[in-house]
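Notes follow the structure.
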Amino acid sequence: MLQITNTLSRKKEKFEPLNAPFVGMYVCGPTVYGDAHMGHARAAVTFDIVFRYLKYLGYKVRYVRNITDVGHLVNDSDSGEDKIAKKAKLENLEPMEVAQLYTNRYHNDMDKLNVLRPSIEPRASGHISEQIEYIQAILDNHYAYISNGSVYFDVKKYHEKYHYGTLSGRVIEDMMHGSRDLEGQDQKRNPLDFALWKKAAPEHIMRWNSPWSEGFPGWHIECSVMSNKYLGKYFDIHGGGMDLVFPHHESELAQAQACQDSHFAKYWLHNNMVTINGQKMGKSLNNFITLDELFEGSHELMEDAYSPMTLRFYILQAHYRGTLDVSNAALKAAKIAYRKLLNANILLSKLEHDNVETLDVELNTQVENLLQSLDEAMNDDFNTGIAISHLFALANLINSFHNKIKNINSINEQTFDVLKTKYDLFFSEILGLKEELVVNVNPALEALISLYKQAKVAKEYDKVDEVRKSMKAMGLVIKDTKFDVEWAYEV
RNA sequence: GGUCGCGUGGCCGAGCGGCUAGGCAAAGCUCUGCAAAAGCUUCUACUCCAGUUCGAAUCUGGACGCGACCUCCA
């Protein structure tokens, strides 16, 4: 039985889909105006796990993750410019060219991380007419007002019937006192009101026609609209980074209720932030590390290049609701640990059971329990770190079987079969880890190994060392076991 | 200033009333031409103070420290 932490209740709840076996999940995707960084990776990997695990449980999941390609304002005082337009000006490109460029680059990075593509990836710019209709519906329900060509959501009015702040746990009355007077807010009736449609300043490039003005949609509206279009009014899971809880998700929720007068998402899932050496990641702190910089080792804070799988594994070792601190030491440890699990998976595929049993009941039970614990860990709010710890225990056993320290026939055939399929299933399909340097067992590699064996027999140790060296150059290592010579990924 | 969350061994990180994960690093052993890999062993922590309890890293109160959000952000 799957339990997930619902931000709405701040508790772990039993996961019960609205229309099993179907599950609808909406996750806030990137605003495509720059390269993806580690925060994007964490969010994408977190919900990739949710997607993969729900499918493993047998659900038919429709996973919608948007691409925000409508520029939102850089900040309130800078009322004329949006992020994408700003970037377009900077790089001398058409705004849509910027959006496409970074969408492609985002896809590329996510592919490297072995993040599955969502079922539907809608773009905000492709849903302008739907957004206009949705805003009109909110206006018709009197939860919004027009002011100088812009449309604002009336938070106070909304709060009278519904409750603004349920998701983020905010008390609207406190916020009214606490909120600062910002420049350019005089069009709003209340500082907490937010734009549904914004009239474009003359220099604003990205603009569309609407009943109210030539302008562009507000930041929050696209998600309410697109989730509604592809998943219906009331759907199962809405996810995103914790920083989006307020105001983004709170406002999405308000819009949806103001428009449809019904529930919105049943479960809200939020992944926590990434810090670098204990500090918040931010452009001004110069610790804003993009994925490409990490993979290439080109950022000045990185002592080495870390592969996509190293990052993925590292993200998975921690629980998604806690902050994740990235450092060289931590990444190096993850690299080694991940290879260990990978090597065990390869050895497992070669293990064979002889069909004869000299059953060791205790050992057999241990393996069975570990295998079962894998599901239990994932069922407990996607606890990938615990699942990985069981995988390590299993890897240890696999190595012992392989080295014949333990006898593979001392577990029964059925347990062996489950071990063989399940370890790989969790490693590859659910956690989404994979071999990166796929090594073909090609003639050249085989020749190297036989050369090594011959040299060993002849005690020509110079040659032996040379073989080791060339293996190392390929990222491999040679292992002399009691029974044979074999290769493995260098740890 | 307001709201929320967190402080775990050399490091990263689970756990959330008793059974004291896991990984990395370090040390020793087995194996070995030397290694590597693998296996075995060792290292025993919960910011501080006060309380609740037979029993607390886990619950309550307080202090200190850190972070997030309140403004664009995954």
Side-chain angles (χ1 to χ4, degrees), chain A residues 10 27-31 33-34 36-47 72-78 82-83 165 168-171 174-175 177-180 182 192 219 239-248 250 270-275 278-283 288 313-314 317-319 321-338 340-341 343-344 347 373 377 380 383-393 395-396 398-400 402-406 456 459-461 464-465 468 471-472 477-482 486-491:
Chain A
R10 269 155 271 268
V27 174
C28 292
T31 300
Y33 71 107
H37 56 248
M38 289 200 267
H40 291 107
R42 166 108 110 144
V45 168
T46 297
F47 291 100
H72 297 296
L73 299 181
V74 175
N75 60 51
D76 271 6
S77 56
D78 191 6
D82 70 51
K83 290 187 251 184
S168 57
R170 273 157 217 255
V171 180
D174 290 352
M175 292 173 69
H177 295 297
S179 82
R180 291 168 272 179
L182 293 168
L192 292 179
W219 177 36
M242 244 168 210
D243 52 343
L244 296 179
V245 175
F246 191 90
H248 186 54
E250 192 71 72
H270 294 279
N271 65 277
N272 215 140
M273 306 288 100
V274 171
T275 57
Q279 267 192 312
K280 180 193 167 153
M281 199 165 75
K283 277 177 179 150
F288 197 85
F313 178 83
Y314 185 61
Q317 260 195 313
H319 189 86
R321 306 198 86 251
T323 52
L324 211 222
D325 189 48
V326 170
S327 65
N328 280 290
L331 253 14
K332 277 177 189 160
K335 175 182 174 177
I336 294 168
Y338 153 69
K340 204 166 164 179
L341 241 36
N343 281 329
L347 290 181
S373 307
D380 185 11
N383 202 328
T384 50
I386 294 288
I388 285 172
S389 77
H390 297 318
L391 245 22
F392 274 110
N396 185 269
I398 290 164
N399 287 327
S400 294
H402 177 259
N403 292 337
K404 305 203 161 70
I405 290 166
K406 286 193 169 74
K456 274 233 128 158
K459 302 199 175 189
E460 293 169 327
Y461 296 119
V464 167
D465 288 342
R468 278 185 190 152
M471 293 285 287
K472 198 177 160 81
V477 85
I478 239 174
K479 307 199 303 194
D480 291 10
T481 69
K482 268 186 187 166
E486 53 197 33
W487 66 269
Y489 291 106
E490 189 188 6
V491 165

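Computed over heavy atoms, backbone and side chain alike; hydrogens, waters and symmetry mates excluded.
- Rounded to whole Å, the C1' atom of B:C16 lies 12 Å from the corresponding atom of B:U8.
- Rounding to whole angstrom units, CD1 of residue A:I478 and C1' of B:C31 are separated by 17 Å.
- Residue A:V477 has its side chain nearest to B:A36 when only B:A36, B:C12, B:A35 are considered.
- For A:D465, the salt bridge (charged side-chain N to carboxylate O under 4.0 Å, His left out) partners are A:R468, not counting sequence neighbours.
- Residue A:N343 has no polar side-chain atom (N or O) positioned under 4.0 Å from OP1 or OP2 of B:A38.
- As rounded to the nearest Å, B:G28 and B:G13 have C1' atoms that lie 26 Å from one another.
- Within 4.0 Å (heavy atoms only), A:L331 reaches no atom of the nucleic acid at all.
- Within the shown strands, B:G65 is the pairing partner of B:C6 under the Watson-Crick or G-U definition, both distances less than 3.5 Å.
- Rounding to whole angstrom units, NE2 of residue A:H402 and P of B:A36 are separated by 19 Å.
- Rounded to an integer number of Å, the gap from A:R10 CZ to B:U3 P is 14 Å.
- Side-chain nitrogen and oxygen atoms of A:N399 include at least one within less than 4.0 Å of the OP1 or OP2 phosphate oxygen of B:G39.
- To the nearest whole angstrom, the two P atoms, one in B:U58 and one in B:G15, are 15 Å apart.
- Residue side chain A:R468 reaches the base of B:C34 through a donor-acceptor N/O pair under 3.5 Å, judged by distance alone.
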Please write out the pairs of protein N or O atoms and N or O atoms of nucleotides 16-26 of chain B separated by less than 3.5 Å, giving the distance to one decimal.
from, atom 1, to, atom 2, distance (Å)
B:C24, OP1, A:K340, NZ, 3.0

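- Comparing the C1' positions of B:A74 and B:G55 gives an interatomic distance of 43 Å, to the nearest angstrom.
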Could you walk me through whether A:I388 and A:L341 satisfy the side chain to side chain contact (heavy atoms under 4.5 Å, CB included) test, starting with their C-alpha distance in whole Å, then the side-chain angles of each, then the deciding distance to 0.1 Å, before giving a yes or no? CA-CA 9 Å; A:I388 285 172; A:L341 241 36; 4.2 Å; yes
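- Residues that satisfy the salt bridge (charged side-chain N to carboxylate O under 4.0 Å, His left out) test with A:K332, not counting sequence neighbours, are A:E303.
- Atom OH of A:Y489 and atom C1' of B:A36 are 17 Å apart (whole Å).
- Nucleotides B:C59 and B:G17 are separated by 8 Å at their C1' atoms, to the nearest Å.
- Projected onto RNA chain B by closest heavy-atom contact, A:D380 and A:H37 fall at different nucleotides, the more 5' of which corresponds to A:D380.
- Checked against A:V274 for a side chain to side chain contact (heavy atoms under 4.5 Å, CB included), the options A:M38, A:H40, A:H37, A:K280 give a single hit: A:M38.
- Side-chain contact check for A:T275 and A:D325: at least one donor-acceptor pair (N or O, by modelled atom type) lies under 3.5 Å.
- Where A:S327 and A:H248 each meet RNA chain B at their nearest nucleotide, the meeting point lying more 5' is that of A:S327.
- Every salt bridge (charged side-chain N to carboxylate O under 4.0 Å, His left out) that A:D380 has, sequence neighbours left out, goes to A:K12.
- A distance of 9.5 Å separates CG in A:L347 from OG1 in A:T481, rounded to the nearest 0.5 Å.
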Interface polar pairs with nucleotides 64-69 of chain B, N/O, under 3.5 angstrom:
from, atom 1, to, atom 2, distance (Å)
B:C69, OP2, A:K280, NZ, 3.3
B:C69, O2', A:R170, NH2, 2.7

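- Taking A:E250 as the reference, A:S168 meet the side-chain hydrogen bond (donor to acceptor under 3.5 Å, both in side chains) condition, with sequence neighbours excluded.
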